[in-house]
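Notes follow the structure.
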There are 2 protein chains.
Amino acid sequence: MSNYLIKDAEELAELFKALSNPHRLKIFVNLARCCRPGQACAPNMRACVGELGNGLELAPSTVSHHLKELRRVGLIHMKRAGQHVECWADPEALARLGDFFNFAGGDVPPQLVAFTTAQQKTKGDQR
Amino acid sequence: MSNYLIKDAEELAELFKALSNPHRLKIFVNLARCCRPGQACAPNMRACVGELGNGLELAPSTVSHHLKELRRVGLIHMKRAGQHVECWADPEALARLGDFFNFAGGDVPPQLVAFTTAQQKTKGDQR
DNA sequence: TAAATAATTCGACATGTTTCGAAATGAAGA
DNA sequence: TCTTCATTTCGAAACATGTCGAATTATTTA
């Protein structure tokens, strides 16, 4: 894969990729349930790594791996608290993703203009 | 995909996976730009396969492969029109995905309750 | 200090994805 | 019909992902 020209498409695609695994998606939904826009979860509402693995039937190392990926793309935050590591969803990331799907009304958000214009200017070439 | 309810994490994850490749994402955004909620693109607004490949620097067979995947998960529709194949985004699919990110306010939409309860009932086991 | 608990890193393996080019199919026009 | 254009299918190669168990690190408790 050598010719990804559009930075924003790549970034957005990474967010979707992080949610494209059912296990990671379940983990994220459970973390995001207690988040409100612009406000992170209170410390006592955060979940630890072992807790998030319950019900998933995955090895702890695999849960850790998935959390690392969610954190890498900025969907969650993690902070050590004693023996445990607290996890919580990034409320801004949620808002960003929600905004993405509002462009259906016709307005293309600024961050998406860049990677739509490339095709706009070639429209009609083949018909 | 036969109806508009997101049944489980696996199905939702498939939608995200379809958007997790930058090329597929770009194709989808270009198709979705002209869609409004509950209203599909007019036939003269639809794009054909070759058109959608412009600017992506991908072999036609690869573009075809990506479109097939977007169609498989229900994000777009395709219809042959002469030599070309018209493509357009499914407006309901857009709405479904937009709804997903609204649960951040605290309300879990009905279709997501099913796959969050498994972890809710084990909360507290490890702390 | 030693043991116990929680989480991460590492190495390995099976599986899945992305991509291409060649060949096949479908449709329109000379 | 024969050719041309648009698209799809197929097979193969390169690369990425998901998973585990063993070993390691970090922290608390005995």
Side-chain angles (χ1 to χ4, degrees), chain A residues 1-6 9-10 13-28 31 46-73 75-88 122-127, chain B residues 9-10 13-28 31 46-73 75-88 122-127:
Chain A
M1 201 170 299
S2 57
N3 54 352
Y4 287 150
L5 300 173
I6 314 315
E10 284 183 47
E14 282 219 315
L15 294 184
F16 289 133
K17 191 188 287 184
L19 299 175
S20 74
N21 175 277
H23 292 142
R24 269 199 307 269
L25 179 57
K26 285 181 182 180
I27 290 170
F28 179 71
L31 287 176
R46 296 172 186 169
C48 69
V49 177
E51 216 171 29
L52 290 164
N54 285 337
L56 293 183
E57 298 181 6
L58 289 177
S61 60
T62 304
V63 176
S64 181
H65 169 76
H66 284 320
L67 286 166
K68 191 176 165 187
E69 183 61 17
L70 287 170
R71 185 185 52 184
R72 190 183 67 79
V73 302
L75 285 173
I76 69 167
H77 298 278
M78 301 171 76
K79 183 190 178 188
R80 188 168 267 279
Q83 274 175 303
H84 297 78
V85 172
E86 292 176 340
C87 307
W88 67 100
T122 60
K123 264 207 168 169
D125 281 6
Q126 300 198 15
R127 291 186 94 156
Chain B
E10 279 73 20
E14 282 219 316
L15 293 183
F16 290 132
K17 191 188 288 184
L19 298 175
S20 74
N21 175 277
H23 291 142
R24 270 199 306 270
L25 177 59
K26 194 177 166 191
I27 289 169
F28 178 72
L31 288 175
R46 295 172 187 170
C48 70
V49 177
E51 216 171 30
L52 289 165
N54 285 337
L56 294 183
E57 299 179 9
L58 289 177
S61 60
T62 305
V63 175
S64 179
H65 169 77
H66 284 320
L67 286 165
K68 192 177 166 187
E69 183 60 19
L70 287 170
R71 184 184 53 184
R72 190 183 68 78
V73 301
L75 287 172
I76 68 167
H77 298 280
M78 301 171 78
K79 184 189 179 189
R80 188 168 267 280
Q83 273 176 303
H84 300 259
V85 172
E86 292 176 340
C87 307
W88 67 101
T122 60
K123 264 205 169 168
D125 281 6
Q126 301 198 15
R127 295 184 94 154

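Labels below follow one simple rule: chain letters A, B, ... track the order of the sequence lines, proteins then strands, and each chain is numbered from 1. Quantities reported herein were computed from a predicted structural model and do not represent experimental measurements.
Side-chain N/O atoms of A:N21 include none lying less than 4.0 angstrom from OP1 or OP2 on D:dT17. For D:dT7, one of the phosphate oxygens OP1 or OP2 lies less than 4.0 angstrom from a side-chain nitrogen or oxygen of B:H84. Proximity of B:R80 to the phosphate of C:dT25: no side-chain N or O atom is located under 4.0 Å from OP1 or OP2.
B:R24 has its CZ atom 9 Å from the C1' atom of C:dT18, to the nearest Å. Rounded to a whole Å, the CE atom of B:M78 is 15 Å from the P atom of C:dG26. In this structure, the CZ atom of A:R72 is 12 Å from the C1' atom of D:dA16, given to the nearest Å. One atom, NZ of B:K17, and another, P of C:dT18, lie 9 Å apart when rounded to the nearest Å. Residue A:K79 contributes atom NZ, which lies 17 Å from atom C1' of C:dA6 at whole-angstrom precision. In this entry the distance linking CD of B:E14 with P of D:dT17 reads 17 Å, nearest Å. Distance, B:N54 CG to D:dA6 C1': 13 Å, rounded to whole Å. The interatomic distance linking B:L67 (CG) with C:dT19 (P) rounds to 13 Å, in whole Å.
At a cut-off of 3.5 angstrom, counting only N and O atoms as typed in the model, there is a donor on one side and an acceptor on the other between the side-chain of A:Q83 and the base of C:dT5. Between the base of D:dG21 and the side chain of A:S61 there is a donor-acceptor pair shorter than 3.5 Å.
Contact annotation for A:H23: backbone-only contact, meaning every heavy-atom pair under 4.0 Å involves sugar-phosphate atoms and none involves a base. Across all strands, B:E69 comes closer than 4.0 Å to no nucleic acid atom at all (heavy-atom distances). B:H66 comes within contact range of the sugar-phosphate backbone alone, with a heavy-atom separation under 4.0 Å but no base atom that close.
Distance check: A:L25 CG to A:L70 CG gives 9.0 Å after rounding to the nearest 0.5 Å.
Under the 4.5 Å side-chain criterion, counting only non-hydrogen atoms from C-beta, B:H65 is not in contact with B:K68. Put simply, the side chain of B:L31 does not reach to within 4.5 Å of the side chain of B:L75, judged on heavy atoms. A:L67 is not listed as a side-chain neighbour of A:R71, based on a closest heavy-atom distance of 4.5 Å or more. Between A:V49 and A:P60 there is no side-chain heavy-atom pair separated by less than 4.5 Å.
Taking only side-chain atoms of B:H65, from C-beta outward, the nucleotide of D:dA6, C:dT19, C:dA7 with the closest atom is C:dT19. Among the nucleotides C:dT17, C:dT9, D:dT19, the one closest to the side chain of A:K68 is C:dT9. Listed nucleotides C:dA7, D:dT7, D:dT19 differ in distance to B:C48; the shortest reach to its side chain belongs to D:dT7. When each of D:dC20, C:dT8, C:dC20 is scored by its nearest atom to the side-chain atoms of A:T62, the top-ranked nucleotide is D:dC20.
Between A:H23 and A:H66, the two ring planes are tilted [angle within 30° to 60°].
Both A:A59 and B:V63 lie close to DNA chain D; mapped to their nearest nucleotides by heavy-atom distance, the more 5′-ward contact belongs to B:V63.
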